[in-house]
Amino acid sequence: MQQTKILLDESEIPTHWYNVVADMPNPPAPPLGPDGKPIGPEALTPIFPMSLIEQEVSSERWIAIPDKVREIYQLWRPSPLYRAHRLEAALGTPAKIYYKYEGVSPAGSHKVNTAVAQAYYNAEAGIKRIATETGAGQWGCSMALAGQMFGLEVRVYMVKVSYGQKPYRRSMMQTWGAEVFASPSMETHAGRAALEAGPDNPGSLGLAISEAVEDAATHADTNYALGSVLNHVLLHQTVVGQEAKKQFEKIGAYPDMVFAPCGGGSNFGGAAFPFFADKAAGKNVRLVAVEPASCPTLTRGHYAYDFGDTAKLTPMMLMYTLGHDFMPPSIHAGGLRYHGASALVSQLYHEKLIEAVAVPQLATFKAGVTFARAEGIIPAPESNHAIAACIDEALRCKETGEAKTLFFNLSGHGHFDMAAYDSYFSGKLEDFVYPEEAIRAALERLPKVG
Ligand SMILES: *Cc1c(COP(=O)(O)O)cnc(C)c1O
């Protein structure tokens, strides 16, 4: 009998997170403050607990996962690794396709892996309340759930277009006890300023971040939490790649290529970094970040210091960016619409140690539907990006006859994204390639540093 699901026991949930910094050839570029000088850890204490700040700047290879976090991970981890026998047959490819399914978490995506850790450390530090933002709603749901588990109040600023498009995500957050506002909101200076400038402002992730950071910075009992981009978020997500490695080990296989959708980079970092450890030790494995052609941060953005948010409240980070005032086209993969990318992912890409590709929207839905019809699971639109790139490679293998082992992270299910599938089926979805002109214009508004 051929194995379809490769499962681990709960005792095999990783005991440590893996920190890729330990294996990077060069140390990460430091974040800069408003004066253009590197900031110290103390600059972050108004919005983060010290334990997370220490993780943010750590270069230790392994960081122990607290028992209380592992106990909550036990609700859905280890997540299954699947061999996509039926997809392989449908494509007629000699490639062997595997995927790790993070949609088994209660919130339906990988994001809870870090939400639980962040809630734990904030609760330990005596924080009572978390302010955060959400785009598509995946992160807000994850933080709402994690906050509930550690007795924290959670306030979510949800990008206004998504607030309208995904009412059930809002209900989910409320079920887990969170308070949700459409952003721009009247709750903050940043929100009010945006509404004064244009009452129809549809919101953006950059703006919602400004609101949440302002909320946290102006309330002593409140901290901020981010669902991607930051080093400690990528760190927490490495449970995904570590489990996958163990699962491959069980069946005596190893991927030639790893694919993951890439917005801010935590999903990619989580799935790919543990494999990067092997690559750094000489193993031949290709790591591919997959992004939307409409928000092509890595493949077409500038590698420069930029702010993480619209109102320039965050430190500046050296990263690939489309400009902090980037207004994303309303594509449906809401989780991939951020203007920047993780500094760690950006640096590894800049040093040509990982790869990136951009895929147009229609191709991602076509791939997602092909996948759902073969494997059953309906993927999140974000996950469809990795599926599209993986299927492309599997079809190349079909031409060359190569039996490569391909692995992708199925970052979440699409049960709350059926409106996006509806648009696809009714022919309303369009491809949008981000214009060169807008990319050039962003360069002029980047902060002048050094
Ligand atoms: C947020 C999200 C992503 C993107 O993760 P990043 O860390 O921003 O790259 C991918 N898939 C799903 C299902 C998501 O919710």
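Residue numbers start at 1 and run along the sequence shown. Atoms within each ligand, like the ligands themselves, are counted from 1 in listed order.
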Discussion item. What I want to know is whether E382 and ligand 1 share at least one N or O pair that is separated by under 3.5 angstrom.
Written reply: no
Discussion item. Between Y121 and H232, do the side chains contain a donor N or O and an acceptor N or O under 3.5 Å apart?
Written reply: no
Worksheet entry | Contact (N/O only, under 3.5 Å) between G265 and ligand 1 | yes
Fill in: Within 45° cone and under 6.0 Å: R300 NZ/CZ vs Y434 ring
no
Worksheet item: Should you measure from each heavy atom of S228, which atoms of ligand 1 turn up under 4.0 Å away?
Response: 6 (P), 7 (O), 8 (O)
Worksheet item: Using 30° and 60° as the class limits, which term best fits the ring planes of F408 and Y99: parallel, tilted or perpendicular?
Response: parallel
Discussion item. Please compare K111, Q138, E102 and report which has the shortest non-hydrogen distance to atom 14 (C) of ligand 1.
Written reply: K111
Worksheet item: Who passes ring-ring contact (aromatic ring centres under 6.0 Å, His included) against W76, sequence neighbours left out?
Response: none
Practice prompt. Assign the ring pair W62 / H16 to parallel, tilted or perpendicular, where the plane angle (0 to 90°) is split at 30° and 60°.
Written response: perpendicular
Worksheet item: Touching ligand 1 at all, H110? Heavy atoms, strictly under 4.0 Å?
Response: yes
Worksheet item: Counting each atom of ligand 1 from 1 as listed, which ones have a heavy atom of A380 under 4.0 Å away?
Response: 13 (C)
Worksheet item: Any idea which atoms of ligand 1 are less than 4.0 Å away from a heavy-atom of L336?
Response: 4 (C)
Practice prompt. Mark up the atoms of ligand 1 that fall under 4.0 Å of a heavy atom belonging to C262, in ascending order.
Written response: 9 (O)
Worksheet item: Would one find an N or O of S383, backbone or side chain, under 3.5 Å from an N or O of ligand 1?
Response: no
Response to the item:
Applying side-chain hydrogen bond (donor to acceptor under 3.5 Å, both in side chains) to T134 and not counting sequence neighbours gives none
Worksheet item: Between Y421 and F365, how do the two ring planes meet: parallel, tilted or perpendicular, split at 30° and 60°?
Response: perpendicular
Worksheet item: At a 4.0 Å threshold, what atoms of ligand 1 neighbour a non-hydrogen atom of G263?
Response: 6 (P), 8 (O), 9 (O)
